[in-house]
There are 2 protein chains.
Amino acid sequence: MPPPASRPIGLTLARTARAVSRAFDARLAEAGGSLPVWLILLSLRTQALGNQRELANAVGIQGATLTHHLNAMERNGLVTRRRDPANRRVHLVELTPAGKELFGRLRETAIAHDRRLRRGLTSAEVASLEQLLDRLHVNVADDDPAVT
Amino acid sequence: MPPPASRPIGLTLARTARAVSRAFDARLAEAGGSLPVWLILLSLRTQALGNQRELANAVGIQGATLTHHLNAMERNGLVTRRRDPANRRVHLVELTPAGKELFGRLRETAIAHDRRLRRGLTSAEVASLEQLLDRLHVNVADDDPAVT
DNA sequence: GCCTAATCATTTGATATCTATCGTTCCTGA
DNA sequence: TCAGGAACGATAGATATCAAATGATTAGGC
């Protein structure tokens, strides 16, 4: 059983994802944002999150990492944090007007990026890509590492 | 023109890639390695690289980052670095026996990971996935950002 | 043959991320 | 009632990464 002759699919996946993320991040930087800031703004704007842990989960980062970003965003006047009076362990994170304004600008960037990414692909192809990616995800998320 | 109703494809791509990379890195760690170390060993073993810049390029990282990894690998006795007598700007990087031994172990891990990743996918599906990823890559690598 | 360009690697300084730990606040069961 | 544990977020310490500046060496132009 020789090693796979072609380039491993994981390598192609990692490199493509990095190139795409970097391109997106560069566009967001031009608009005054960054990838993590955009994901945080998006989650705050579109989901009702009870606490920072849920927010971190929605963004896909750890709580500690979220803390750093929220510190910076608070310093920059994008969000406010205050204790929930009903449960003083919980911090309520809210967008300021400046935060909402940045969200609007970054949303344009995100829409343009997505359009650019899909260029030349039919919606059936995009759907197929999504489905294949999901299957890779399932293959590694699987709790049974015994399968060789 | 509303934002795309479905989850942006870039987000699915980024999350899948992260999950896959993390799973692979965890396996490599069990075998005594890491993702960047594996890529460096693989490049050294399978390609004739003239200098560190080429090596960094093959691995897909910046020269500065490569320097850090080579420092650590040299400390751990996996590689040696010496000046090229013909061009004293160039460092020749070579695997030690311990480096070759680790390469062999990590290769097993990499083969198993690839097999796991492809589980349930036909080779036609994998080829289709590769081709779709390449098209995304081209879409962002494109030098013409005017296309919206 | 010199001075300037270019090339190669490293260092420096910054950001993003993780795991582990800590302090505070809340809740539950004896 | 109150002691122990759980939940929440912050902090500390570590690693990976990049861009920009620096140092050393070579190559080219005159």
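Reminder, nothing fancy here: chain letters follow the sequence lines and each chain counts from 1.
B:Ile61 comes within 4.0 angstrom of sugar-phosphate atoms only, judged by non-hydrogen atoms across all strands, and of no base. The residue A:His69 sits close only to the backbone: its heavy atoms come under 4.0 Å of sugar-phosphate atoms, none of a base. Across all strands shown, B:Arg83 has no heavy atoms under 4.0 Å from either base or sugar-phosphate atoms.
Of the candidates D:dG9, C:dT19, C:dA9, D:dG9 carries the atom nearest the A:His91 side chain, counting heavy atoms from C-beta on. The side chain of B:Arg88 lies closest to D:dT25 when the candidates are C:dT25, D:dC18, D:dT25. If you check C:dT11, C:dC18, D:dA7 against the side chain of A:Arg89, the one that comes closest is D:dA7. Distance from the side chain of A:Val90 is smallest for D:dG9 among the nucleotides D:dG9, C:dT11, C:dT25. Looking at the side chain of A:Arg53, the nearest of the listed nucleotides D:dG9, C:dC8, D:dT26 is D:dG9. Nearest nucleotide to the side chain of B:Thr65, out of C:dT10, D:dC18, C:dT25: D:dC18.
The phosphate of C:dT19 (OP1 or OP2) has a side-chain N or O of B:Arg22 nearer than 4.0 angstrom.
Between B:Arg83 and B:His91, the side chains place a donor N or O and an acceptor N or O closer than 3.5 Å (distance only, hydrogens not considered).
With a 4.5 Å cut-off on side-chain heavy atoms, B:Ser34 and B:Val37 count as touching.
Glycosidic conformation at D:dA10 (O4'-C1'-N9-C4 for purines, O4'-C1'-N1-C2 for pyrimidines): anti, more than 90° from 0.
Residues A:Pro36 and A:Asp84 each lie close to DNA chain C; by heavy-atom proximity, the contact nearer the 5' end of the strand is made by A:Pro36.
Note that CG of A:Leu132 and CD of B:Glu130 are 11.0 Å apart. Values are rounded to the nearest 0.5 Å.
Judged by Watson-Crick or G-U wobble contacts below 3.5 Å, the nucleotide D:dT26 has no partner.
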